[in-house]
Amino acid sequence: MSSGIDYGKLMHRAMRSLIQEVLVSIQKDGLPGEHHFFITFDTGFPDVEIAPWLRERYPNEMTVVIQHWFEDLEVDDNGFAVTLNFGETPERLAIPYDAIQTFVDPSVEFGLRFESHDDVEDDDPTDPDDDPDGTVEDAPHQDAEVVSLDRFRK
């Protein structure tokens, strides 16, 4: 029997559902206004599909930008697939939601950051400096660079 409610897991599920809803809207209607996304994901995560040369170049994590040029966005309950342009070379990527580490829309200063399972286990739930809401700005991480949204402001 469970020892309690796993709020962290529930929060991550809700945040990934938000990403899915946003991507379904983009799939249907395209990107509105100045919206664009920086999505960082774990390239070694099961079911991530990327070209071998991209996996070699980015063996741990990769950040993609969905902005001006993208094609064939397909979204389902497990993740999304999209064709992006890498130096004039279109490549198809398939990314499960569970592989996503950060999702940022700098046009509206919105960001989500997902703790890995190891990070969550190491957290002290009584530490007042812990920030469970998953925002990029407020949740520094030792193993990855946290992008300040200030540099994307106009």
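FYI, side chains are in, hydrogens and waters are out, and symmetry mates aren't considered; it's all heavy atoms of this structure.
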* Structure fact -> Sequence neighbours excluded, the answer for salt bridge (Lys or Arg N to Asp or Glu O under 4.0 Å) partners of Asp42 is none

* To do: Mind checking side-chain hydrogen bond (donor to acceptor under 3.5 Å, both in side chains) for Asp77 and listing every partner two or more places apart, or none if nothing turns up?
  => Gln20

* Structure fact -> Tested for side chain to side chain contact (heavy atoms under 4.5 Å, CB included) against Phe37, the lone hit among Val104, Val65, Val22 is Val22

* Determine the minimum heavy-atom distance between Thr89 and Asn85, stating which atoms define it. => N-OD1, 3.0 Å

* Structure fact -> CZ (Arg55) and CD (Glu49) are apart, to the nearest 0.5 Å, by 9.0 Å

* **Spacing of CD belonging to Glu56 relative to CD1 belonging to Ile50, to within rounding of 0.5 Å** => 11.0 Å

* Heavy atoms, side chains only, cut-off 4.5 Å: are Met15 and Phe103 in contact? -> no

* If you look at every heavy atom in His36 and Asp105, which pair is closest and at what distance? -> O-OD1, 3.0 Å

* **Worked check of side-chain contact (heavy atoms from CB on, under 4.5 Å) between Ile19 and Phe80** => CA-CA 10 Å; Ile19 293 170; Phe80 68 98; 5.5 Å; no

* Asked: For Thr83 and Pro90, which heavy atoms make the closest approach, and how far apart are they?
  -> CG2-CB, 3.9 Å

* Quick one: pull up NE2 in His12 and CZ in Arg113 and give me the separation to the nearest 0.5 Å. => 8.5 Å

* Structure fact -> side-chain hydrogen bond (donor to acceptor under 3.5 Å, both in side chains) filter on Glu91, not counting sequence neighbours, yields Trp53

* Taking all non-hydrogen atoms of both residues into account, name the closest pair between Ala99 and Val48 and its distance. => CB-CG2, 3.8 Å

* Structure fact -> Contacts of Ser17 meeting side-chain hydrogen bond (donor to acceptor under 3.5 Å, both in side chains) (sequence neighbours excluded), chain-then-number -> none

* Structure fact -> OH of Tyr97 to CD1 of Ile39, rounded to nearest 0.5 Å, is 9.5 Å

Show every donor-acceptor pair shorter than 3.5 Å between a side-chain atom in residues 66-76 and any protein atom, with sequence neighbours excluded, or say none if there are none.
{"residue": "Glu74", "atom": "OE2", "partner": "Arg92", "partner atom": "NH2", "Å": "3.3"}
{"residue": "Asp76", "atom": "OD1", "partner": "Asn78", "partner atom": "N", "Å": "2.8"}
{"residue": "Asp76", "atom": "OD1", "partner": "Gly79", "partner atom": "N", "Å": "2.9"}

* Asked: Does Pro32 have any side chain to side chain contact (heavy atoms under 4.5 Å, CB included) partners at least two apart in sequence or in another chain, and if so, which?
  -> Ile26, His35

* To do: To the nearest 0.5 angstrom, please state how far the OH atom of Tyr58 sits from the OG1 atom of Thr43.
  => 10.5 Å

* **Smallest separation among heavy atoms of Pro96 and Pro46, with atom names** => CG-O, 3.6 Å

* With sequence neighbours excluded, what pairs up with Thr40 under the side-chain hydrogen bond (donor to acceptor under 3.5 Å, both in side chains) test? -> Thr63, Thr102

* Once you round to the nearest 0.5 Å, how far does CZ of Phe45 lie from CD1 of Ile95? -> 12.0 Å

